[in-house]
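The structure under discussion appears below in the form of C-alpha cells.
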Amino acid sequence: MTTRLRIAPSPTGAMHVGTGRTALFNWLYARHSGGTFIVRIDDTDDERNSAEFEADILAGLRWLGLDWDEGVGVGGPHGTYRQSDRYERYRQVALELVEREAAYFCFCTPAELARRRDEAAAAGKPPGYDGRCRTIPISEAIARRGAGEAAAVRFKMPRPGVTEFDDLVKGKIRVDHEHVDDFVLLRSDGRPTYHLASTTDDVDYEISHVARGEDLLPSTPRHIQLTLALGAKEATYAHLPLILGTDGKRLSKRHGATGVTEYIEAGYLPQAMVNYLSLLGWSPAGDVTIVSLADSIRLFDLASVSTNPAVFDQSKLDWMNGEYIRSLSVVEFLEAARPFVIASMGRELSPEEWERLARIAPLVQERTKFLTEVGPQVRFLFTDELEIDPIAWEKVMGDDAEELLGAAIAELELVAIWEHDEIERSLRSMLERLGLNARKGLQPLRVAVTGSTVSPPLFESMAILGRDSVLARLADARKRVANMAQDDHR
RNA sequence: GGCCCCGUCGUCCAGUGGCCUAGGACGCCGGCCUUUCAAGCCGGAAACGCGGGUUCGAAUCCCGUCGGGGCUGCCA
C-alpha cells in the first residue's frame with residue numbers, strides 16, 4: 001500500500017515556520033516512502049481566510065522546495081483540493097450521519113451555548129457541550145428544521161466509549177469519550193467545521209498518514225470516531241511536537257520573524273531553512289548537523305521524531321545560513337545574491353559591473369551570512385559618490401592621516417600593473433618606510449577607498465575598483481583631512 | 001478546574017540498563033591565524049528537574065512529585 005500524506009494549511013495567516021516544519025516532515029516521509037505528497041487548502045473559516053495568505057503559503061512551500069504531487073495548483077483526481085469548493089460534499093456527509101443517527105441536529109444558539117459554558121465554568125463543572133439536543137427524536141428535529149428553525153449538526157460521540165490509537169511519535173494514546181463532547185460538524189449556516197471537512201477529505205483522498213502539530217492531539221479521538229462512522233479505516237497519526245519561542249511559549253510574532261516569507265526577504269537560503277527545520281524534532285543518525293536533502297529523505301522516519309517541543313533558535317539558523325552560503329559555487333552565489341544587490345543599489349547593474357561583482361564575489365561570499373549583506377559590502381564598487389561612515393572616519397583618520405594618504409598616493413602612482421600583488425608590494429614598502437604596522441597604516445586607506453572599516457580585503461578591493469577611482473578617493477580623503485586640520489587651527 | 005502531552009548543557013539533538021568520569025552542533029568565553037571583518041584552527045565553562053522504588057548496575061524501567069506546554073469555540 002502506498003503512502004499518501006498531506007499538508008493542509010488554513011489561509012488565515014502568512015506561512016508560519018511551524019507550518020513549514022510540518023510540511024517538511026510530511027514531504028520527507030512521502031519522499032522517503034515513495035508515496036504521494038498532497039497540498040490541500042483548509043479554508044473553512046470564511047471570516048479569516050484570504051487569497052493573499054493562500055498565495056503566501058504556496059509561495060513558501062515552493063521556496064522551501066517542497067513540491068507536491070497532487071493538490072492546489074497542480075490538480076489530481078480530487079478536484080481543486082480547496083475545501084471551499086466541497087461544501088456540498090460535507091453537507092451531504094453530515095446529513096447522512098444524521099440519517100444514520102451518528103449525528104444529530106442541535107438547536108442551541110451560540111449565545112445560549114456561551115451562557116451555559118459560563119455557568120458551567122462558574123460552577124466548576126467541565127465545559128463542553130452538555131448534549132441537550134442529543135435526545136431530541138429525529139422526527140421532531142426534522143419537523144423543527146422544516147419550520148425554519150436554524151440547527152447545527154453535532155457528532156454523536158459514542159458513549160460510553162474509548163478511543164485508543166498508536167501515535168507514531170507519541171506512542172499509545174487512550175482517551176475516554178467521557179472527556180470528548182459532541183462537537184459541531186456542520187454550522188447552522190450549512191458550512192462545515194474543520195473537523196468535518198478535514199476528516200472527510202482525509203477519508204476521500206485516502207490519506208494514509210496524518211502528521212500534524214501536537215495541538216491537534218486532543219482532537220484526534222473525534223477524527224477517529226468520525227472516520228469510523230464514515231465507514232473508513234483510520235489513518236496512522238503522528239503528532240509533531242510544537243515549536244516554541246525562546247520563552248518556552250508557542251512561537252508567535254513577538255518572538256521575531258515567524259513567517260517563512262520574512263526569511264526569504266531577510267536573505268536566507270531555502271536549503272538552510274530546510275536543514276534547520278528538519279532538525280527541530282528529528283535528527284539523522286550520528287553527530288551530523290549539516291545534512292543533505294538526499295540524506296534527510298533517505299534517513300527520515302516519522303517514528304523517530306522526538307516527543308518533546310523544540311525552541312526555535314534563530315542564531316543556529318543564522319550560522320547554518322552562513323554555512324550554506326559558503327558552500328555555494330560562485331555562480332550560484334551570484335545568482336542568489338543578484339536580487340538583493342539590485343534592491344540594495346536601487347538599480348540594475350551594468351554588465352561591466354556584474355563582471356566586477358563576479359571578481360570580488362569569492363571574497364564577499366565567505367563574509368556573508370545573509371544575502372542582504374552582499375549589497376552593502378560591494379556598494380563601494382558601484383558608486384561615484386562614496387558615502388564614508390563618519391564613525392569609521394573619526395576612528396582611523398589621526399594626525400598622521402594626511403601624510404599617510406599622501407604617501408599611499410605617491411606609492412600607488414608608481415604601480416606599473418594594477419593588480420593585487422603589485423598593489424600589495426607597493427603598499428607594504430610604504431608601510432615599511434613609514435614605520436607603520438599593517439593595522440595602523442591600512443585602515444585609513446580602507447576607509448578612504450571603501451567608506452568603512454569593514455570591507456573585503458583591501459588589495460583586492462583596490463585592484464577591482466581600478467586605479468583611477470582608488471587614486472581619486474585617496475586624494476579626496478587627503479583633501480578632507482587637510483581641511484579638517486585647518487579648521488582645527490582656527 | 002478537567003483532559004491530554006512533555007521534562008538530558010542557555011538552545012537543538014545523541015543516548016532505548018553496563019561502552020556515560022553523558023557525546024555532537026549553535027551560542028558564550030579564551031587563544032591562534034590575520035590588512036579590517038568574516039572564515040578557519042585550538043581550548044574552556046555548561047545538562048540527565050526532584051523524591052522514592054526495580055536491579056549487581058539507571059539518563060535509560062516503574063511510581064509519585066514538581067515544572068512546562070496543548071486542548072477545553074457553530075477557530076483551525
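Chain naming here is simple, since letters A, B, ... match the order of the sequence lines and numbering starts at 1 in each.
A:T12 comes within 4.0 angstrom of nothing in the nucleic acid, heavy atoms only. Across all strands, A:K249 comes closer than 4.0 Å only to sugar-phosphate atoms, never to a base (heavy-atom distances). A:P456 comes within 4.0 angstrom of a base, heavy atoms only. Residue A:C106 is out of contact with every strand shown, counting any heavy-atom pair closer than 4.0 Å. Within the nucleic acid shown, A:R250 comes within 4.0 Å of sugar-phosphate atoms alone, with no base atom in reach, counting heavy atoms only. Nucleic acid contact class of A:T44 (heavy atoms, under 4.0 Å, all strands): sugar-phosphate only. Base contact: A:H195 has a heavy atom under 4.0 Å from a base atom. Among the atoms of the strands shown, only primed sugar atoms or phosphate atoms (P, OP1, OP2) are found under 4.0 Å from some heavy atom of A:L280. Within the nucleic acid shown, A:T368 has no heavy atom closer than 4.0 Å to any nucleic acid atom. Contacts of A:L216 with the nucleic acid, taken as non-hydrogen atoms under 4.0 Å apart, include base atoms.
Taking atom C1' in both B:C33 and B:A22, one finds a spacing of 33 Å when rounded to whole Å.
None of A:T12, A:V72, A:N49 except one satisfies the side chain to side chain contact (heavy atoms under 4.5 Å, CB included) rule with A:E54; the exception is A:V72. Exactly one of A:R222, A:R159, A:R132 qualifies for a side chain to side chain donor-acceptor pair (under 3.5 Å) with A:D182. That residue is A:R159.
Each of B:G1, B:C71, B:A76 was ranked by its minimum atom distance to the side chain of A:P218; first place goes to B:C71. In this structure, the nucleotide among B:G70, B:A76, B:C37 sitting nearest to the side chain of A:R367 is B:C37. The side chain of A:T453 lies closest to B:U36, out of B:C74, B:C6, B:U36. Among B:A76, B:U35, B:C13, the nucleotide with an atom closest to any side-chain atom of A:S283 is B:C13. For A:K170, the side-chain atoms get nearest to B:C5 when compared with the rest of B:C5, B:G2, B:U36. Closest approach to the A:V311 side chain among B:A38, B:C12, B:U35 is made by B:C12 (side chain taken as heavy atoms from C-beta onward). Candidate nucleotides B:C12, B:A76, B:C37 were compared by shortest atom distance to the side chain of A:L279, and B:C12 ranks first. Nearest nucleotide to the A:P309 side chain, out of B:C6, B:A76, B:G2: B:C6. Which of B:C74, B:G69, B:G1 sits closest to the side chain of A:L242 comes down to B:G69. Of the candidate nucleotides B:C4, B:G1, B:C13, B:C4 has the atom nearest to the side chain of A:L217.
Using bins of under 30°, 30° to 60° and over 60° for the plane-to-plane angle, the ring pair A:H223/A:H195 lands in the tilted bin. Ring geometry for A:H209 against A:Y29 counts as tilted: the plane angle lies between 30° and 60°, on a 0 to 90° scale.
A:R222 has no side-chain polar atom (N or O) that falls below the 4.0 Å cut-off from OP1 or OP2 of B:C71. A sub-4.0 Å separation between OP1 or OP2 of B:C37 and a side-chain N or O of A:S455 is absent. Residue A:N308 has no polar side-chain atom (N or O) positioned under 4.0 Å from OP1 or OP2 of B:C12. Taking only side-chain nitrogens and oxygens, A:R117 comes nearer than 4.0 Å to OP1 or OP2 of B:C74. Listed pair A:R439 / B:U34 fails the phosphate criterion, with no side-chain N or O lying under 4.0 Å from OP1 or OP2. Contact annotation: A:R154 side-chain N/O to B:C74 OP1/OP2 distance is under 4.0 Å.
Side-chain N/O atoms of A:T307 and base N/O atoms of B:C6 include no donor-acceptor pair closer than 3.5 Å. A donor-acceptor contact under 3.5 Å links the side chain of A:R446 to the base of B:U35.
Take A:D43 and apply the side-chain hydrogen bond (donor to acceptor under 3.5 Å, both in side chains) test, not counting sequence neighbours, and it matches A:S84.
Put simply, CG on A:L277 and CG on A:L64 are 7.0 Å apart, with the number rounded to the nearest 0.5 Å.
The heavy-atom pair separating A:Y129 from A:C133 by the smallest distance is OH-N, 3.0 Å.
Side chain to side chain, A:D389 and A:S452 fail the donor-acceptor criterion of an N or O pair below 3.5 Å.
With a cut-off of 3.5 Å on both Watson-Crick or G-U wobble distances, the partner of B:G40 is given as B:C32. The pairing partner recorded for B:C3 is B:G70, the criterion being a Watson-Crick or G-U wobble arrangement whose two distances lie under 3.5 angstrom. B:C26 is paired with B:G10 under the Watson-Crick or G-U wobble criterion, all donor-acceptor distances under 3.5 Å. Base pairing annotation: B:A45 forms no Watson-Crick or G-U wobble pair, as no partner gives both donor-acceptor distances under 3.5 Å.
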What is the per-nucleotide protein-contact pattern of nucleotides 21-30 of chain B, from the 5' end, where B denotes a base atom under 4.0 Å from a protein heavy atom, S denotes such proximity for sugar-phosphate atoms only, and - denotes neither?
-> --SSBBS---
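Residue-to-nucleotide proximity on RNA chain B shows that, of A:P284 and A:P192, the 5′-proximal contact is made by A:P284.
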